[in-house]
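The block underneath contains the structure these notes are about, expressed in structure tokens.
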Amino acid sequence: MTKYRMCLIVLLMLSLMTLGVLSGYFLFTPDPEKINVAEKPLAAETEPAASQAEKIDSNTKIIYEYVYLGGHKEQSETTAPRNWQGLTLTEFKGIFDTWQIKEFSGKRVVISKNLKVYSPKHYVLGVYEGYVAVFRKNEFSEDKVKEITETPVSALPETEQKRLSAGIDFYGDEELARILQDYET
């Protein structure tokens, strides 16, 4: 395989991964402007005295944590939108009732959500039509072919063929590029 073609493949893979991560971010991050605080019922619980003083302000960092099947975590961070400013823990719980609030202070709020899908960066190396191939799990945990290499499985040692037949799970774009390079040399 020429260096030009390899660079093209790596660039294409990185572009697709970036698109996948951005899609996941926009699909699973709530739009702060669309959350109307007045429409959400407040939780009936009372807050401890120490946390009553804690309110979100314009400098509060909001950290979204997404936990995918397989345990992979991804985070994104933003500052608190204007319509969240002044919210207490109880008010915030009323809005994010399907999220786990891991930390709440005037400086930082960390919320976490378990997603029932695999991360867009979760890959499985395996065999497709006699060649080494990269698979990605979809929302139904089915392997979907992402890329087929030019490396025939029959050219590999028997132990490696068995590992590929069973599937080799790995995570991350950098790991994907490294593994593909190993199999193509």
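Keep in mind that the numbers below use all heavy atoms, side chains included, and drop hydrogens, waters and symmetry copies.
Aromatic ring centres of W84 and F96: separated by under 6.0 Å. Checked against a 6.0 Å centroid threshold, the rings of Y171 and Y123 do not count as neighbours.
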inquiry  = Checking Y131 against T151 for the side chain to side chain contact (heavy atoms under 4.5 Å, CB included) test, could you report, in this order, the C-alpha distance in whole Å, the side-chain angles of both residues, the deciding distance, and whether it holds?
reply    = CA-CA 6 Å; Y131 288 88; T151 305; 5.7 Å; no
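F170 is connected to L164 through a chain of hydrophobic side-chain contacts under 4.5 Å among Ile, Leu, Val, Met, Phe, Trp and Tyr, so both are in one cluster. L87 and I63 end up in different hydrophobic clusters when Ile, Leu, Val, Met, Phe, Trp and Tyr side chains are linked at under 4.5 Å. Hydrophobic clustering of Ile, Leu, Val, Met, Phe, Trp and Tyr side chains at less than 4.5 Å, counting indirect connections, unites I179 with V127. One hydrophobic cluster, built from ILVMFWY side chains closer than 4.5 Å, holds both L156 and L125.
Here the straight-line distance linking atom CD of Q161 with atom OG of S154 works out to 6.5 Å at 0.5 Å rounding. Taking NZ from K61 and CZ from R108, the interatomic distance works out to 11.0 Å, rounded to the nearest 0.5 Å. Atom CD1 of I148 and atom OH of Y128 lie 5.5 Å apart (nearest 0.5 Å). Atom OH of residue Y68 and atom CG of residue L115 lie 5.5 Å apart, to the nearest 0.5 angstrom. Summarising the geometry, atom OG1 belonging to T79 is positioned 8.0 Å from atom CD1 belonging to I62; distances are rounded to the nearest 0.5 Å.
Between K162 and E158, at least one side-chain nitrogen of the basic residue sits less than 4.0 Å from a carboxylate oxygen of the acidic one, meeting the salt-bridge criterion. Salt-bridge formation is not detected for the pair K93/D97: no Lys NZ or Arg NE/NH1/NH2 atom is positioned less than 4.0 Å from an Asp or Glu carboxylate oxygen.
Checked by atom type, the side-chain pair S119/E74 shows a donor-acceptor distance below 3.5 Å. Neither side chain, Y118 nor D169, offers a donor N or O lying under 3.5 Å from an acceptor on the other. Using a 3.5 Å distance cut-off with no hydrogens or angles, the side chains of T60 and K107 do not pair a donor with an acceptor.
Here the options are V110, I111, I56, the test is side-chain contact (heavy atoms from CB on, under 4.5 Å), and the partner is F104; only I56 passes.
Side-chain atoms of I101 and L89, non-hydrogen and from C-beta on, do get closer than 4.5 Å to each other. Considering only heavy atoms from C-beta on, K121 comes within 4.5 Å of D173 through its side chain. By the 4.5 Å heavy-atom criterion applied to side chains, E160 and I168 are counted as neighbours. Under the 4.5 Å side-chain criterion, counting only non-hydrogen atoms from C-beta, L176 is in contact with K146. Taking the side chain as every heavy atom from C-beta outward, V132 and V153 approach each other to under 4.5 Å. Taking 4.5 Å as the limit, every side-chain heavy atom of S112 sits out of range of all side-chain heavy atoms of Y64. Using a 4.5 Å heavy-atom cutoff, the side chains of H122 and H72 are in contact. Looking at heavy atoms from C-beta onward, K113 lies out of side-chain contact with E65 at the 4.5 angstrom threshold.
With sequence neighbours excluded, no residue forms a salt bridge (charged side-chain N to carboxylate O under 4.0 Å, His left out) with E129.
Not one N or O on the side chain of E147 forms a donor-acceptor pair closer than 3.5 Å with the backbone of V134.
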